[in-house]
Amino acid sequence: MYNHNEIEKKWQNYWDENKSFEAINGGSKPKYYILIEFPYPSGTGLHIGHPRSYTALDTLARKRRMQGYNVLFPMGWDAFGLPAENYAIKNKIHPKDAVKENIAVFKNQLKNLGFSFDWSREFSTTDPDYYKWTQWQFLKFYEHGLAYKDKKTINWCLSCKVGLSNEEVEQGKCERCGGEVVKKEKEQWMLRMRRYADKLIEGLEDTNFIDRVKTAQINWIGKSEGAEVNFEVDGTDERLVVFTTRIDTIYGVTFMVLAPEHPILETLKDKINNYNEVVDYQIETAKKSEFERVELAKSKTGVRLEGIYAINPVTNTRIPIYISDYVMMGYGTGAIMAVPAHDRRDYDFAKKYNIPIIEVIKGGDIESEPYIGDGMMINSGILNGIDNKKSAIEKMISYLEESGIAKRTVNYRLQDWVFSRQRFWGEPIPMIHCDSCGWVPVPDSDLPVLLPDVASYEPTDNGESPLANMPEWYTTACPKCGKQARRETDTMPNWAGSSWYWLRYMDPNNKDYFVGRDALEYWGKVDWYNGGMEHATRHLLYARFWHRFMYDIGLVPTKEPFSIRTAHGMVLGEDGEKISKSKGNGIDPNIISDEYGADTLRTYEMFMGDYEADTAWSTNGLKGCRRFLDRLWRIQDKVINEMSLSKELEVSIHKTIKKVSDDIENMKYNTAVSSLMTLLNEYDKQDNITKGDLRVFITLLNPIAPHITEEINELQGLGPILCESKWPTYDESKIIDETFEMVVQVNGKVRGKVEVPSDATDEEMKSYALEIDNIKRYIEGRDIVKIIVVPKKLINIVIK
RNA sequence: GCGGGUAUGGCGGAAUUGGUAGACGCGCUAGACUUAGGAUCUAGUGGAGCAAUCCAUGGGGGUUCAAGUCCCUUUACCCGCACCA
């Protein structure tokens with residue numbers, strides 16, 4: 001047993017005092033930038049899941065330093081957001097004080113775990129020195145026409161009284177509080193992220209993101225290629241534009257459906273005989289929450305527009321027009337051409353309202369089911385006889401394009417980014433509204449627009465930001481004309497601060513600029529970025545969008561911010577369930593590291609399972625890792641004063657160097673630890689080991705368990721401080737065994753094993769195999785059909 | 001519905017990518033040392049069988065000398081998105 005508390009404190013102090021992990025901008029070493037998602041410093045302290053990814057990337061960082069890189073491995077705080085605000089309201093303190101306390105707790109916990117962060121670059125997104133530049137960059141979006149304010153039907157959380165982006169609505173409920181979400185019209189600041197949809201897809205080619213992250217991003221952007229088709233409204237000059245990916249089915253269009261909010265309804269008001277019904281339905285729809293609209297509307301509802309018809313441009317027949325809430329204003333054009341024979345939703349609607357169903361693709365029985373698959377085109381004029389949708393689509397689109405009825409379009413699921421929040425605890429949007437000049441940006445020299453130090457900042461009842469209750473804050477002079485004007489009282493979303501933080505780490509104390517150009521050029525891309533799968537879509541898209549825009553206007557030198565992106569699995573409770581307060585299955589990392597030591601916790605979190613997969617916590621497993629470290633401690637008794645490697649251990653040591661080196665690169669931390677356990681088992685079997693044997697071992701283990709290894713190194717006088725030493729290399733010629741155990745199979749089943757020299761030829765291997773008694777028994781009196789030889793592995797004798 | 005993922009002993013998980021299934025750890029069993037053991041050490045540990053052997057990677061087919069790994073099919077669970085036209 002060793003005293004972990006004493007040893008760990010000692011080395012943590014040493015690293016602090018010697019600034020062991022502070023990165024320097026520049027120098028002759030190659031650079032390596034490792035980034036781990038910075039935490040939201042919640043009041044409950046570190047979660048047991050945090051040390052998993054932090055240790056993994058810390059291990060990489062420590063290894064890279066030993067490999068001679070200039071490593072940037074920073075840490076900071078993403079501290080704007082609702083929880084801090086709610087906590088502060090509840091406890092009647094200013095959020096900035098709450099945040100300060102929480103950061104202190106978090107930082108202390110991280111230090112106790114011995115992570116090699118460069119604390120000299122620490123900052124919080126809530127620091128005015130930082131959010132000044134967040135505001136400044138917002139103004140760049142504005143200058144380039146990418147930030148605009150628009151009336152927007154937004155998701156509105158009734159209980160938080162705050163607008164939410166699509167990304168923050170989960171299953172029709174508020175992501176934060178689980179409360180009811182309804183639609184509400186509001187003027188919101190928006191960023192034109194949609195314009196970057198293609199760039200965000202293409203940019204992925206320049207990255208090494210793990211596949212599931214790439215796929216998640218592509219799906220989220222939701223690119224879909226199709227066409228916009230014009231349908232005349234009979235007897236008017238108006239026309240309806242629809243988006244479709246299946247223009248080949250246009251002969252089957254027997255009606256049209258508009259979103260209830262569609263603007264043409266207002267235009268055609270006078271022609272619609274039952275306009276009052278339309279209005280009733282609109283009111284009905286607006287009242288429904290997103291959840292109701294999706295979940296409860298399994299059976300379709302709608303209203304037919306009496307008195308008006310659309311014209312199917314290929315059949316020239318008059319078709320009825322409906323409104324229904326199954327068509328969304330937010331996707332495509334808010335209007336669809338309905339093909340009931342081949343679309344589930346249109347089919348249900350047509351059945352309910354007795355609309356004709358015309359089959360245009362052969363297959364299935366459309367009396368009972370819409371047919372969705374591929375097949376021969378029928379009832380389709382020029383398309384008849386074509387048997388695959390690809391050519392049918394191509395033919396129809398070219399035909400309609402010629403006559404100006406249709407044009408090719410691409411649609412995206414991705415929406416513009418709603419950038420306004422009606423909250424106090426966020427970066428104020430640096431815009432001023434003047435009655436004569438309109439929206440005017442705050443001049444750079446007046447940045448940052450600071451949040452006020454006030455006692456009360458409860459949300460207003462009408463859903464405005466608390467800042468809207470503070471005339472002394474929002475009243476100001478128009479920067480353009482000097483007349484009295486009003487500051488924007490909305491603040492930025494939580495995601496803003498995390499959309500450029502990796503840039504600031506490169507040059508965190510720059511007073512004059514968001515990041516110095518030299519620092520940007522020096523550090524370039526983040527080489528390795530790790531974070532949770534829950535951020536694979538939104539955070540990562542916002543960050544990439546932000547960065548790409550900064551590239552387009554020449555402020556950063558790279559198109560993409562991150563090279564490698566990996567994602568860790570969750571640490572589940574001992575019961576295999578996701579950790580939650582209500583289940584009471586949480587594990588406190590403080591208690592664990594106090595009782596078992598930071599090295600034990602770190603080793604266990606690396607060992608517990610596949611890094612990318614969710615894994616249940618096991619206190620017994622943790623104890624096993626402590627036993628491993630105790631055994632390492634005890635092996636000191638066997639050390640003899642000799643620097644060369646033991647003959648008996650040499651091959652194993654070289655193999656382990658290779659294994660651990662490769663495993664860390666491939667995030668196979670669990671097998672890296674297990675191979676070290678195996679090696680220690682071998683050391684244990686020896687009567688004594690050399691200083692050299694031990695030095696290699698603790699060097700390999702050092703990135704994972706940095707304290708105990710430094711201590712042993714010092715106690716035994718094995719060499720210089722490990723974290724400043726070289727990573728061991730292996731000798732290819734030393735990892736070859738002189739002999740190997742050859743497996744002999746008969747008809748694919750193992751029937752014998754024999755020790756064979758590694759350099760045995762195929763013929764020699766065969767003769768070894770045929771000498772084994774058990775093999776002789778099997779092949780006696782049988783015909784040998786063939787013998788398969790796998791060099792240095794096995795022989796399979798096929799008999800009849 | 002669409003997209004992604006997972007399935008291997010009592011448990012967490014290995015398996016060089018088609019070549020000995022179960023590394024390593026936990027747990028368990030027996031023994032040693034002990035006043036004691038929830039410390040440590042030794043041995044054993046997928047199932048059946050005295051054994052030779054047989055069976056076994058969610059289920060069912062297939063390819064192959066050889067399949068956890070490849071192909072087809074099917075089931076269960078997890079995650080993300082969702083009347084996306």
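Convention: sequence-line order gives letters A, B, ...; per-chain numbering from 1.
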Is any side-chain N or O of [X] closer than 4.0 Å to OP1 or OP2 of [N]?
{"X": "A:K749", "N": "B:A56", "answer": "no"}
{"X": "A:R634", "N": "B:C41", "answer": "yes"}
{"X": "A:K786", "N": "B:C65", "answer": "yes"}
{"X": "A:T615", "N": "B:G13", "answer": "yes"}
{"X": "A:N774", "N": "B:U53", "answer": "yes"}
{"X": "A:N219", "N": "B:G4", "answer": "no"}
{"X": "A:R751", "N": "B:C54", "answer": "yes"}
{"X": "A:R777", "N": "B:U53", "answer": "yes"}
{"X": "A:R344", "N": "B:G1", "answer": "no"}
{"X": "A:Y778", "N": "B:U53", "answer": "yes"}

Regarding [X], tell me which of base, sugar-phosphate or nothing describes its non-hydrogen contacts under 4.0 Å with the strands shown.
{"X": "A:N681", "answer": "sugar-phosphate"}
{"X": "A:V798", "answer": "sugar-phosphate"}
{"X": "A:G624", "answer": "sugar-phosphate"}
{"X": "A:E741", "answer": "base"}
{"X": "A:D630", "answer": "nothing"}

Over-ring placement of A:K792 relative to A:F740, 6.0 Å and 45° cut-offs: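 No, A:K792 and A:F740 do not form such a contact.
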
Within 45° cone and under 6.0 Å: A:R626 NZ/CZ vs A:Y2 ring: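 A:R626 over A:Y2 ring: yes.
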
Cut-off 3.5 Å, side chains only: do [X] and [Y] have a donor facing an acceptor?
{"X": "A:D346", "Y": "A:Y326", "result": "yes"}
{"X": "A:Y778", "Y": "A:R751", "result": "yes"}
{"X": "A:S652", "Y": "A:Y683", "result": "no"}
{"X": "A:D198", "Y": "A:Y412", "result": "yes"}
{"X": "A:D599", "Y": "A:H4", "result": "no"}
{"X": "A:T55", "Y": "A:E605", "result": "no"}
{"X": "A:R413", "Y": "A:N219", "result": "no"}

If you only use heavy atoms from C-beta on, which nucleotide in [options] is closest to the side chain of [X]?
{"X": "A:I788", "options": "B:G19, B:C83, B:A23", "answer": "B:G19"}
{"X": "A:K753", "options": "B:G19, B:C26, B:U20", "answer": "B:U20"}
{"X": "A:F607", "options": "B:A85, B:G12, B:C83", "answer": "B:G12"}
{"X": "A:R627", "options": "B:A39, B:A85, B:G4", "answer": "B:A39"}
{"X": "A:D610", "options": "B:C83, B:A21, B:A14", "answer": "B:A14"}
{"X": "A:R413", "options": "B:A15, B:A85, B:C81", "answer": "B:C81"}
{"X": "A:T678", "options": "B:U40, B:C24, B:U16", "answer": "B:C24"}
{"X": "A:Y326", "options": "B:A85, B:C83, B:G13", "answer": "B:C83"}
{"X": "A:S674", "options": "B:C24, B:A14, B:A85", "answer": "B:C24"}
{"X": "A:D325", "options": "B:A85, B:G13, B:C83", "answer": "B:C83"}

Between [atom2] on [N] and [atom1] on [X], what's the gap in Å once rounded to a whole number?
{"X": "A:M608", "N": "B:C26", "atom1": "CE", "atom2": "P", "result": "15 Å"}
{"X": "A:I393", "N": "B:A85", "atom1": "CD1", "atom2": "C1'", "result": "13 Å"}
{"X": "A:Y2", "N": "B:U40", "atom1": "OH", "atom2": "P", "result": "14 Å"}
{"X": "A:H654", "N": "B:U16", "atom1": "NE2", "atom2": "P", "result": "24 Å"}
{"X": "A:L680", "N": "B:U40", "atom1": "CG", "atom2": "P", "result": "14 Å"}
{"X": "A:I704", "N": "B:C24", "atom1": "CD1", "atom2": "C1'", "result": "13 Å"}
{"X": "A:Y611", "N": "B:G13", "atom1": "OH", "atom2": "C1'", "result": "17 Å"}
{"X": "A:M533", "N": "B:C78", "atom1": "CE", "atom2": "C1'", "result": "13 Å"}

Determine the interatomic distance between [atom1] on [N] and the same-named atom on [M]; round to the nearest Å.
{"N": "B:U69", "M": "B:A15", "atom1": "C1'", "result": "10 Å"}
{"N": "B:C65", "M": "B:G18", "atom1": "C1'", "result": "12 Å"}
{"N": "B:A23", "M": "B:U8", "atom1": "C1'", "result": "13 Å"}
{"N": "B:C72", "M": "B:U64", "atom1": "C1'", "result": "16 Å"}
{"N": "B:A48", "M": "B:A43", "atom1": "P", "result": "24 Å"}
{"N": "B:U42", "M": "B:A51", "atom1": "P", "result": "27 Å"}
{"N": "B:G13", "M": "B:A82", "atom1": "P", "result": "30 Å"}
{"N": "B:G27", "M": "B:U74", "atom1": "C1'", "result": "35 Å"}

Could you identify the nucleotide paired to [N], looking across every strand shown and requiring Watson-Crick or G-U wobble geometry with both distances under 3.5 Å?
{"N": "B:C41", "value": "B:G31"}
{"N": "B:G22", "value": "none"}
{"N": "B:G9", "value": "none"}
{"N": "B:A51", "value": "none"}
{"N": "B:A82", "value": "none"}
{"N": "B:A14", "value": "none"}
{"N": "B:C70", "value": "B:G62"}

For B:U16, glycosidic torsion class - syn if within 90° of 0, otherwise anti: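 Here the answer is anti: the torsion falls beyond 90° from 0.
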
In B:G10, glycosidic geometry as syn within 90° of 0 or anti otherwise: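 Anti.
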
A:R631 or A:R345, whichever maps to the more 5' nucleotide of RNA chain B: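 The residue whose closest nucleotide sits nearer the 5' end is A:R631.
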
Most 5' of A:K668 and A:D346 on RNA chain B, judged by nearest nucleotide: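 That would be A:K668.
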
Check: A:K300 side chain, B:C83 base, donor-acceptor under 3.5 Å: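 Pair found.
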
Any donor-acceptor N/O pair under 3.5 Å between B:C65 base and A:N796 side chain: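 Check passes, donor-acceptor contact within cut-off.
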
Between A:Y353 and A:F255, ring centroids under 6.0 Å: no

